[in-house]
Amino acid sequence: MTPMSGYLLLSALLFSIGLAGALTRRNAILVLIGIELMLNAANLNFIAFWRYGPHPEALTGIMFAIFSISVAAAEAAVGLSIILAVYRHSKTTDLDQMNSMKG
Amino acid sequence: MTITFLLLAATTITGTAAAMSLKNLVHCVLALTLGLVSLAALYLQLGAQFVGFTQILVYVGAVAILAAFAIMMTRSAEPAVLTGSSSFRVSGALIALVVFAVLGWAVWSGTGALAVLGPEPEAPVNEIGVALMHRFVLPLEIIGLLLTAALIGAGILAMDETRRTK
Amino acid sequence: MLGEGILKGLTETARNFLGSYVSKDRLTTIQFPEERLPQIEATRDFPFLVYDGTEWEAGLRCVSCQICEKECPPKCIYIEKSKDKKPDATGKLQFYPTTFNIDISVCMSCQICVEVCPFDAIKMNVEFEMSSEDRFGGLLLRKEQLAKSNEYYNKIHPTEATAVDAALAEERAKAEAKARQTTEAKAATPAPMATPEAGETK
Amino acid sequence: MSILTETPIDLVPGPSSDRSEGQLLEVSMGPQHPSTHGVFRMDVTLDGEKVVKLKPVFGYLHRNHEKIAETESYLGCMPYTDRLDYICSITNNWAYALAVEKLAGIQVPERAEYLRIITGELTRLQNHAGLVGFLMQDMGASGTPLMYAFREREKVLDLFEALTGARMMCNYMRFGGCRVDVPANWLQQAQKVIDGFPQFLDEFENLLTSNEILMARTQGVGVVTREQAINAGISGPMARASGVNYDLRKVDKYGIYDRFSFRVPLGEHGDVYDRYMLRALEMRESIEILKQAMRDLPAGPIMDPNTKIRGFRPKAGEAYGRIEGPKGELGFYLISDGTASPYRYRVRPPSLINLTLLEDMCLGQNVADIVIILGSVDIVLGEVDR
Amino acid sequence: MNWIVRNLWLVPVLPLLAAGISALAKRKSRAMAASLAIGSMAISFLLSVWAFAHVLLLRSNGQATQQVFNFRWFQFGNEWLSLGWILNPLTAVMLVMVTFVGMLIFIYSVGYMEHDDNFTRFFCFLALFASAMLGVVIANNLLLLFMCWEIVGLTSYLLIGFWYEKPSAAAASKKAFITTRIGDLPFFLGIVWLYAQSGTLLFYNNGAGCLESTSINHLLTQPTPLGFCSATGIALLVFCGAIGKSGQFPLHVWLPDAMEGPTPVSALIHAATMVAAGVFLVARVYPLMSAHSGIATELTTSTALQAVTWIGAITALFGAVIAVAQFDIKRILAYSTVSQLGYMMMGLGVGGVAVGMFHLITHAFFKSLLFLGAGSVIHGCSGEQDIRRMGGLRKLMPFTFATYTVGMLALCGFPFFFSGFWSKDEILHAAHSWNISQAPYYMGAFAALLTAFYMSRQMFYIFGGKSRLTESSEGHSHSPVSPDHSSHHGSNSPHESPKVMTVPLMLLAPVALLLGFFGTPAWPWFQSFLDATQLAVDFGALSEGSMLPVMLSSSVIVLLGLGIGWWIYGRRPIKSAEAPDNLGKLSPPLFTFLGHAFYVDALYGATVINLNTQLSKISDWLDRWIWNGAVKTVTNIVLGLAHLDNFLDTHVVNSGFDEGCQSVSRSGQILSLLQAGRIQGYLKIVAGAGIAFTLLLLWKAKI
Amino acid sequence: MPEMIDQIFVLLKHWLLAYVPAALQPIVSAVLSVVPVLVAFPLLFAITTVLERKGLGRMQNRYGPNRVGPFGILQPMADGIKSLTKEDIIPRTADQVVHFLAPVMLVIASFVVYSVLPIGKNMVLANLNAGVLFFFAVGSMVELSVFMAGWSSRSKYSLLGAMRAIAQMISYEMPLVLASVVVIMAAGSLSTVAIVNMQAGYTGIWPRWYVFTPWGLTGFVIFMIAATAESNRCPFDMPEGESEIIAGYYIEYSGFKFALFFLGEYLGMFATSAMAITLFLGGWAAPFSFLTWIPSYVWFFVKLLIIIMAFIWVRGTLPRLRMDQLMNFAWKFMLPLSIINIVGAGVWHLIPAGFTRWLIDSLLVIVSCVLLSRGIRRGKSFHVRTYRFAS
C-alpha cells in the first residue's frame with residue numbers, strides 16, 4: 001500500500017512544478033495554470049489527509065477539496081477574463097511587457 | 001508503493017511538467033489536461049470518487065477549455081508569439097527547487113504518525129450532499145455567492161469595452 | 001406558442017416519408033440502368049448525319065455546303081469539301097464531305113446546324129451514353145461515327161422524320177417532274193446544281 | 001467598402017481606432033465553398049462571427065460572352081443566351097429575341113406570344129421553386145425542401161424537354177416566334193403540372209413558412225431598404241421585396257402581358273424572409289397567368305413568315321429589349337451595323353446588379369447570414385460573370 | 001398549530017415577491033407593478049384578517065392567544081440561529097392596520113403618481129416597504145426584526161429621495177437615513193448585548209425566549225458598571241432605536257424633512273406605519289422595558305419606562321408647539337405626527353402596551369386620512385403646499401373637505417365621536433394617574449390644546465375664506481421640478497381629485513370616526529384584547545375615579561383649542577397670502593422661533609456638525625503643522641546631515657569610497673527589482689517567505 | 001424461461017469465467033464485459049448510418065442507398081472500406097500530433113461513457129456510485145478533442161467551427177445537467193443502476209417512468225434538445241454547418257480519421273440518448289407490464305432506435321439556427337426552464353400525491369414555457385407576415 005508520504009511528496013512536487021511554471025513562464029495564461037496546479041497540489045493533500053486521517057467518515061477533506069475546486073474554477077474564470085481584458089488593452093499576454101498600470 | 005500509484009504519479013508529473021515547460025501554449029493546456037486527469041485518477045484511487053469526477057468535470061470540462069479559449073482569443077498560440085520563459089528563468093526554477101526540497105524534507109521527516117491506512121472509507125454521494133446541506137451549509141452558500149460574483153465579474157470583464165461603456 | 005411551425009413541418013415530412021412508400025407521384029426517382037424514362041421524342045443531344053439507303057458512305061445526304069460549319073455557334077463542326085462529285089442517293093452528282101468531324105466536347109447541342117441545313121442532312125441524336133476514356137479522340141466524332149441511317153432517324157424522331165421524308169419526297173417528285181419537263185422540252189441544258197431552298201421544311 | 005453604406009466602419013486599424021485589430025479574422029469564402037452558388041468568392045473580414053467587411057470577387061466563370069457575340073450571327077447568339085442564367089434559359093431567349101425583334105421590327109404571331117408566356121412562366125415557377133430550395137439548403141435544411149422543389153422542377157423540365165428537346169438549354173425562341181410548336185398531348189401534360197403545382201406550394205409553405213427557425217433566421221436579416229434598392233438599380237423579386245413596385249410585366253406590358261390579370265406582391269421589410277415569401281407568392285401568381293394562357297391559347301402560326309433564319313441582317317440601328325426575368329430585369333442591348341453579326345452586344349444581367357448590394361446587406365451580420373443573404377439574392381454565376 | 005400560524009410568513013413575503021417582480025419589470029409595465037403591489041397587499045390583508053380572526057377565535061375559546069413558530073436557519077459553530085414569527089394580539093392588530101392602510105394608500109398612489117415616470121419603481125419600493133414593515137410586525141426574533149427594521153429604513157430613504165433630482169429631497173433622504181442610523185447604532189448594541197446576556201434573540205420560545213421570565217430575570221440580576229441592571233441598559237439602548245425611527249425628541253429632525261417624499265409615502269411611512277415601528281418596538285419588547293429590578297412591586301415603573309415617558313411627553317409638547325407656526329401643509333402634519341408619536345410613547349410609558357398601541361392604531365387611520373387628504377389638496381392645487389396660498393377649498397373639494405374634517409377632529413380628539421378622543425383620553429388618564437410625576441399629564445394636556453389649535457388653524461387656512469391660489473402663481477416661484485404636481489390638468493384652478501384618490505379617503509374616514517369605540521373605558525375591548533384580560537361592558541368605568549374629570553377636562557381643552565383657532569383665524573378670512581400670520585402678529589420673534597422649529601436643526605448644525613467640522617479642522621491643523629512640522633524638522637535635520645555627509649564624502653573621503661558607493665547603488669538597483677511591478681517577482685518573494693515559514697515550523701517541531 | 005433469455009449474456013459470462021483460472025478472472029471478466037459494448041455500438045453506428053440515409057431519403061422522396069447489398073444494408077461496409085482506403089491528408093502546417101490525437105481521443109471518450117450505461121438488467125460495465133457525474137465528466141472530454149481538432153488543423157474554418165462547437169457544447173451542457181438533476185432528486189442517487197431500479201415497477205400496466213410526470217416530461221424534452229445540441233445534430237449543427245463553415249472543425253480531416261470523427265459523433269449521440277433513456281424512460285424496462293417477457297436489452301435498443309429515429313426525423317425537417325440564436329435559446333430559454341423545472345420537481349416532492357401536484361407542476365412548467373418563449377421572441381418579434389399587392 002502506498003504510504004501517505006508518497007502522496008505528500010507527489011503533492012509537493014506538483015506544487016513545485018506549478019510554482020516553477022508560475023515563476024518562469026512569461027505568458028499570463030501559463031502563470032494562471034501554474035497557480036491552478038498549486039491549488040491542485042493542495043487538493044491532493046486534502047484528499048490524502050482525509051484518507052489517511054483518523055476520521056475519514058467526517059468527509060472534511062473531501063468537502064475542502066470540493067470547495068477548493070469551486071474556488072479554483074471561479075479563479076480561473078475571473079483570471080482568464082482579466083487576461084482577456086488586459087490583452088485588449090495592451091495586445092500582449094506577456095507578463096514582461098505588462099508592467100504598466102496605465103490602460 | 002503500488003504500481004498504479006507510481007504510474008499515475010508519473011503521468012501526473014509528466015503532464016504537469018510538460019504543461020509548465022512546453023513552448024506551444026495549446027500543447028501546454030493539453031498536457032495540463034493529461035496531468036489533471038491522472039490526478040483525478042489518484043483521487044479515485046484514494047476512494048474519493050465524487051471529487052475525482054468533479055475534478056474532471058471542472059478542470060477538463062471548464063478550466064482547460066477556458067484556458068484554450070483564452071489562448072485562442074489572445075492569439076498566444078501563433079508561432080510569432082510563442083513565448084519562452086521569462087527573465088526569472090534561473091531564479092524561479094531555483095526557488096521552486098528549494099521549495100520542493102523544503103517541503104520534501106518536511107514530508108519526509110514528519111508523517112510517521114499518519115502512515116497507517118485505515119479501512120476504505122465510505123464517501124457515498126448522498127452523504128456528501130447531506131453534509132453539504134447541514135454541516136457545510138454556510139461555506140456552501142459562501143461558495144455559491146463567490147461563484148455568482150465570479151460569473152458576473154468574469155462576464156463584465158470579458159465584455160467588449162465599447163459595449164460596456166455604452 | 002413557440003414550436004407550432006416546427007411541428008407543422010414535422011408533420012409534413014412525416015407525410016412525405018409515408019407517402020414515398022405509397023404514392024408513385026412522390027417517389028419520382030428512376031433507377032437508371034434498370035429502369036429508363038420513356039423516350040421523349042423531341043429530345044436532342046448531339047448531331048448526326050443522315051444517310052439514305054443502306055450504304056452509309058454513298059447515301060449521305062450531306063453535300064458539304066458548309067453552311068452548318070459556318071453557322072455553328074461554338075464552331076465544333078469541321079468539314080472538308082470533296083474536290084470531286086459523287087452521285088447521292090437519288091443518283092444526282094453532288095459534292096460530298098471528305099471529312100466531317102464534330103467535336104462533341106465543344107458542341108452545345110443547340111441544333112442550329114439542323115435548322116440551317118437545307119438538305120435535312122444533319123439531325124439531332126438521342127444517344128447520351130458516350131463516356132469515353134479517350135479525352136480527345138473519344139469525343140471527336142468522325143464521319144463514320146456520325147452517319148446514321150434514315151431508319152434510325154425515323155425510329156428516334158418519328159413525327160419529325162415522317163414530315164422530313166414527305167417533304168423530301170415531294171421535293172424529289174417536284175425535281176423529277178421538273179427534270180422530266182426539261183428533258184421533254186429538250187432544252188438540253190444541264191440541270192442546275194442548286195436545288196431549291198428547303199430551309200423551313202416543317 | 002460600398003458607396004451606399006452611409007457610415008462606414010473604420011476598417012483601417014489606426015492608432016485612433018480603439019478596435020483591436022488582433023480580433024479580426026479574414027476568411028475567404030469561396031470560390032470552392034458549398035454555398036456560393038457557383039464559383040464566387042467573398043473575402044470576408046470577421047470580428048468574431050460578425051462581418052465587418054465583405055469584398056465580393058467574381059469573374060471565375062467569365063466566358064467572353066459579349067465579345068463572342070460580336071463574331072456570331074444573330075441566330076448563333078441565341079444558344080449562348082441559354083448559358084447566361086442556365087436555370088431559366090427560356091426567358092433569356094425571350095429577352096434576346098425581343099431585342100432583335102425590336103431591332104429588326106419583326107411581328108410575333110399570337111400563338112407564339114402565348115407559347116412564350118406559357119414557357120416563360122413555367123420557367124419562373126421552376127426557378128423560384130429551386131431558389132427557395134437552395135435557400136433552405138443554405139440554411140442547413142438537410143436538402144428536404146430542395147428535394148421537394150426539385151421534384152416539381154423535374155416535372156417542368158420534362159415539359160421543356162418534350163417541347164424544346166432539352167431540359168435546360170432550351171434554345172426555344174426565334175426572332176419572330178418560337179422554334180417549334182407544341183407536340184401532341186403537351187398541353188394536357190402542362191395542364192396537369194400546372195394544376196398540381198398549387199398543392200406542392202401548399203406543402204412547401206406548410207413545411208417552411210411558419211417555421212420558427214426559418215423566421216428567426218431570415219426576418220430582419222439582410223435588409224435592403226426601398227431607397228437602397230432603387231439607388232442600386234435592383235430589380236425583380238428582390239426589389240419588390242423591398243417595396244419597390246416595379247414589374248416589367250406591368251410596366252412594359254411586353255408581349256401580351258396586358259391581357260392577363262395577375263397581381264404583383266410587394267414586401268415591406270426587404271429582408272430575406274420577404275424575398276423568400278415574395279417568391280412563394282409570385283409562384284402562385286404565375287400559376288394564375290398560366291391558367292389563363294392555357295385557356296386562351298389560340299391556333300395559328302408560330303413564326304413570322306417573313307423572318308429569315310439564315311442570312312439574317314437587320315438594318316443598322318440599336319435596340320434594347322428587356323423582360324421581367326425570374327431574377328429581375330433582364331435586358332439585351334444591341335447595335336447593328338447592318339452586317340450579319342451584332343456590332344455591339346451587351347447584357348444587363350439581373351444577377352450581377354442585384355448582387356451589388358451584397359456588402360451592404362451583410363455588414364454587421366453573422367457568417368451564417370452571409371450565406372442566406374447570398375442565397376436570397378438569387379444569382380447564377382453564369383449570368384454574373386458572363 | 002393552525003395553518004395561518006405556520007404560514008404567517010406569507011404576509012410579508014407576498015409584497016416582497018411583488019417588489020421583486022416589479023423590480024425586474026420594465027419601466028413601462030406600470031399596470032403590472034401597481035396591480036402586483038395592490039394585489040399582494042390585498043392578499044396580505046386577507047391573510048391578516050384571517051390571522052386576526054384566528055386570534056379572536058383563540059381568545060373566544062379561552063386559549064392562549066400567543067402562538068409562535070420558530071425554525072432553525074443555519075448553524076454557526078455549535079449554535080443554531082433560529083428565526084421565527086409570532087402571532088399574538090399585538091401582531092394581529094398591527095398586521096391588519098398595516099395591510100389595510102397600506103392597501104388603501106397603494107390604491108391612492110395609483111392616482112397620485114399617475115403621471116410620474118418612475119411609477120414602477122415607486123410601487124416596487126412601496127411593496128418592499130410594506131413587506132419589511134410586515135416583517136417587523138411578525139418577527140419573533142430581534143435580529144429578524146432588526147433586519148426588517150433596516151430594510152424599512154432603507155425603503156424610507158429610497159422613498160423620501162424618490163424625486164432624487166430635487167436637491168432638497170436628496171438631502172432629506174440622507175438626513176432621514178443618517179439620523180435613524182444614529183438611533184440604530186445603540187439599538188444594535190442593545191441587540192448584541194442582549195444576545196451576549198441571554199444567548200437567544202427569539203422573543204418567545206416556550207420559556208426560552210429572551211422576553212420570557214427566565215431570561216428577564218436573568219437579565220435583571222446582571223449588574224452593569226453604571227449601577228443599573230443590564231435589562232435597563234438593554235431596554236434603553238433598544239429604545240434609542242425607537243427614538244430614531246419614531247422621531248422622538250432629539251432625533252425628530254428628520255421627520256418633517258421627510259415630507260419631501262411623495263405624499264402617499266408621507267402618509268404610509270411617516271404617519272401610519274414606519275414611524276409607528278418605534279412605538280411598536282417598545283410595545284414588542286415591553287416585558288424587557290418594564291422589567292423591575294428584583295424586589296420592586298408591580299406599581300413602580302422601571303427606569304426604562306420612565307425614560308420612555310419623559311421622552312414621549314417632551315416630544316408631544318415639542319412637536320405640537322412647533323406645528324403651530326408652520327405654513328407647509330405637510331410640515332404641520334409632520335410635526336403633528338411627531339407630537340402624536342410622543343403621545344404614544346408617553347402612553348406606553350405610563351399606561352402600558354394597550355394604551356400606547358390604541359393610540360397608534362387610531363392615529364394610523366386618522367393621520368393617513370389627513371395625509372391623503374393633504375395629498376388630495378396638494379394634487380388639487382397643482383402642487384401647492386403652502387397653506388397661505390390655498391383657501392376656499394371647501395366648495396371646490398367637498399369630499400376632501402369632509403374627510404379632512406373628520407381626520408382633523410379625530411386628531412384633535414373631539415369629544416365622544418372621534419377615535420382620537422378615546423385613545424388620547426386613555427393616555428391622558430394614564431398619565432394623570434402616573435405615580436412618578438404629574439408633569440407628563442400637564443404637558444400632554446397642553447399639547448392637546450395646541451393640537452386642536454393648530455389643526456383648526458390649518459383648516460381655516462386651507463378650506464376657509466377665498467382661494468388665494470391664483471394670485472400667487474406668478475409671484476412665487478416653486479422648485480423647478482414641481483414634485484407633487486400634475487401639470488397635465490392645464491387649468492390652475494383647484495379641483496377635486498379623481499375617484500381613485502377620494503375613495504380611499506372615504507373608506508378611511510368612517511374608520512377614523514368609529515375606531516375609538518373599540519377602546520372606550522366603558523367597553524375596553526381593545527385593551528383587553530391586547531392584554532388578554534376579560535372584557536366587560538361597564539359604563540360605570542366612565543365615572544370611576546379620575547376618569548370623568550380627565551375626560552371632561554380634555555374635552556374642554558379640545559374645545560378651547562378649537563375656539564382659539566376660530567378666534568384667531570376663522571373669525572375673519574385670511575386676506576392674502578402675503579399677509580402676516582394672525583398669531584405671528586402677537587409676537588413675531590417667538591413665532592419665527594417656532595417657525596424654525598426651535599432652531600433644532602440650526603442647533604445641531606451649530607453643535608454636532610460644527611463640532612465635527614472643528615474637529616476635522618483641528619485634525620487638519622495638527623496634521624499640517626504638528627506632525628508635518630515634526631516630519632519636516634526631522635527631514636531638515638537629516639538633510640543637514642546629508643549635506644554634511646555630502647561634504648565629507650566629496651571633499652574628505654573623495655575617491656576612497658567611490659567604489660563602495662557604486663556597489664551600494666548597484667545593490668540598490670537589484671533590491672529595487674523587488675518592486676519591479678512584476679507579478680512573478682512578488683510571487684518569488686511569497687515563495688521565499690513560504691520556504692522560511694516552513695523551515696521555521698520544522699525547526700520548531702524539531703525542538 | 002424469459003428470465004433465462006433476459007440474463008443469457010450474464011449467465012454466459014459467468015459460465016465462461018468458470019473455465020478461467022481465478023487469478024485471471026478479473027481481467028477476463030472485464031474483457032468479456034467490454035468487448036460486447038465495443039462491438040455492439042459500432043454495429044449500431046453502422047446500422048444508424050444506413051438508417052439515417054434511407055430515412056432522410058424517404059423523407060425527401062428518394063430511395064436512399066440501395067445498391068450495396070440487399071436494400072443497401074451493406075452500405076456502411078462500403079463506406080468503411082472507402083474511408084479506410086482513402087488518402088489520409090494532413091495539412092502541412094497542421095500540428096501533426098494533436099491532429100492525430102483529436103479523433104482518437106473523441107472516440108475513446110465516447111466509448112468510456114458507455115461504462116455506466118445499463119444496457120440490460122444486470123448488464124452494466126461499472127455500477128459507479130457517481131455514475132451520472134462520471135457520464136458528464138467524461139462527456140466533457142469531447143469538447144477538448146473538438147478543440148484539438150479545430151486548432152490543430154490550422155484552418156480558419158476549422159477554428160471557427162471549433163469555437164462554435166465548444167461554445168455550444170458548454171452552453172448546452174448546463175441544461176443537460178440541470179435537466180438530469182430532477183431525476184437525481186427523485187431517485188436520490190447518482191448511480192445509473194439505482195435510477196433505473198427506481199423506475200422499475202408498474203402502476204397497473206403503466207410503467208413508473210419519470211417521463212410520465214410533468215417535471216420528468218419537461219426534463220426529458222430539455223434533455224433531448226440539449227442532447228441534440230451536444231451531439232451537433234440538426235437543427236443545432238452549427239459547428240459543422242456545411243453551408244457556412246463547410247464542415248467545421250473536421251474540415252481538414254479525411255480518410256479514416258474523418259470516419260473516426262463520424263463514429264465519435266454518433267457514439268456521443270447514442271450515449272446521450274441512452275442516458276436519456278436511463279434517466280427518463282426507465283432504462284431497459286418494458287413499457288407495459290405484460291411485455292416484460294421480452295428481454296431487457298431488447299427494450300433498451302428499441303428505445304434507443306426510436307430516439308435515433310426522432311433525431312433523423314428532426315434532421316430531415318428543420319433548417320439550422322444561427323449561432324447567436326442558439327446561444328440565446330440556451331441561456332434565455334433552456335437554462336431558466338430547467339431551473340424552474342428543478343423547482344417544480346421540488347414542489348412535486350413537497351406536495352402529497354394527488355391531482356393538486358399534477359396541476360401545480362404542469363401549470364408551472366407551461367406558464368414558464370410560454371413566458372420564456374415570449375421572452376426569446378421579444379425584440380425580434382418574428383411572425384408570419386401578410387403581404388400587400390400592388391394595385
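Proteins come first, then strands; the chains are lettered A, B, ... in the order of their sequence lines, and each starts at number 1.
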Residue by residue, scan residues 270-279 of chain D and write down, ordered by number, those that have a heavy-atom distance under 4.5 Å to chain F; if none do, write 'none'. D:Asp271, D:Tyr273, D:Asp274, D:Met277, D:Leu278
Residues of residues 234-243 of chain D within contact distance of chain F, non-hydrogen under 4.5 Å: D:Gly243
Using heavy-atom distances under 4.5 Å, tell me whether [X] contacts chain F through its side chain, its backbone, both, or neither.
{"X": "D:Arg151", "answer": "side chain"}
{"X": "D:Thr218", "answer": "neither"}
{"X": "D:Leu266", "answer": "both"}

Heavy-atom count around [X] [atom1] within 6.0 Å, excluding the residue itself: above 12?
{"X": "D:Glu154", "atom1": "CD", "answer": "yes"}
{"X": "D:Lys291", "atom1": "NZ", "answer": "yes"}
{"X": "F:Phe262", "atom1": "CZ", "answer": "no"}

Got a second to check how far [X]'s [atom1] is from [Y]'s [atom2], nearest 0.5 Å?
{"X": "F:Arg320", "Y": "D:Gln137", "atom1": "CZ", "atom2": "CD", "answer": "8.5 Å"}
{"X": "D:Arg263", "Y": "F:Arg388", "atom1": "CZ", "atom2": "CZ", "answer": "13.5 Å"}
{"X": "F:Leu321", "Y": "D:Met139", "atom1": "CG", "atom2": "CE", "answer": "11.0 Å"}
{"X": "F:Arg322", "Y": "D:Gln365", "atom1": "CZ", "atom2": "CD", "answer": "6.5 Å"}

Please report the C-alpha distance between D:Leu207 and F:Thr317 in whole Å, then the side-chain angles of each, then the deciding distance to 0.1 Å, and finally whether the side-chain contact (heavy atoms from CB on, under 4.5 Å) criterion is met. CA-CA 8 Å; D:Leu207 179 64; F:Thr317 309; 3.9 Å; yes
Applying salt bridge (Lys or Arg N to Asp or Glu O under 4.0 Å), can you list everything that pairs with D:Arg259, at least two apart in sequence or on another chain? D:Glu110
Pick from D:Thr209, D:Asn211, D:Ile370, D:Asp369: which one has the most heavy-atom pairs with chain F under 4.5 Å? D:Asp369
State which residues pass side chain to side chain contact (heavy atoms under 4.5 Å, CB included) with F:Arg53; sequence neighbours excluded, sorted by chain then number. F:Pro65, F:Gln75, F:Asp79
When you measure from the side chain of F:Tyr387 to the backbone of D:Glu268, do you find a donor-acceptor pair of N or O atoms at a distance under 3.5 Å? no
State, to 0.1 Å, how close D:Glu285 and F:Phe389 come at their nearest heavy-atom pair, and which atoms those are. OE2-CE2, 3.9 Å
If you compare all heavy atoms of D:Ile213 against all heavy atoms of F:Pro319, which two are closest, and at what distance to 0.1 Å? CG2-O, 3.5 Å
From CA spacing to verdict: side-chain contact (heavy atoms from CB on, under 4.5 Å), F:Asn61, D:Met147: CA-CA 7 Å; F:Asn61 299 335; D:Met147 279 301 168; over 6 Å; no
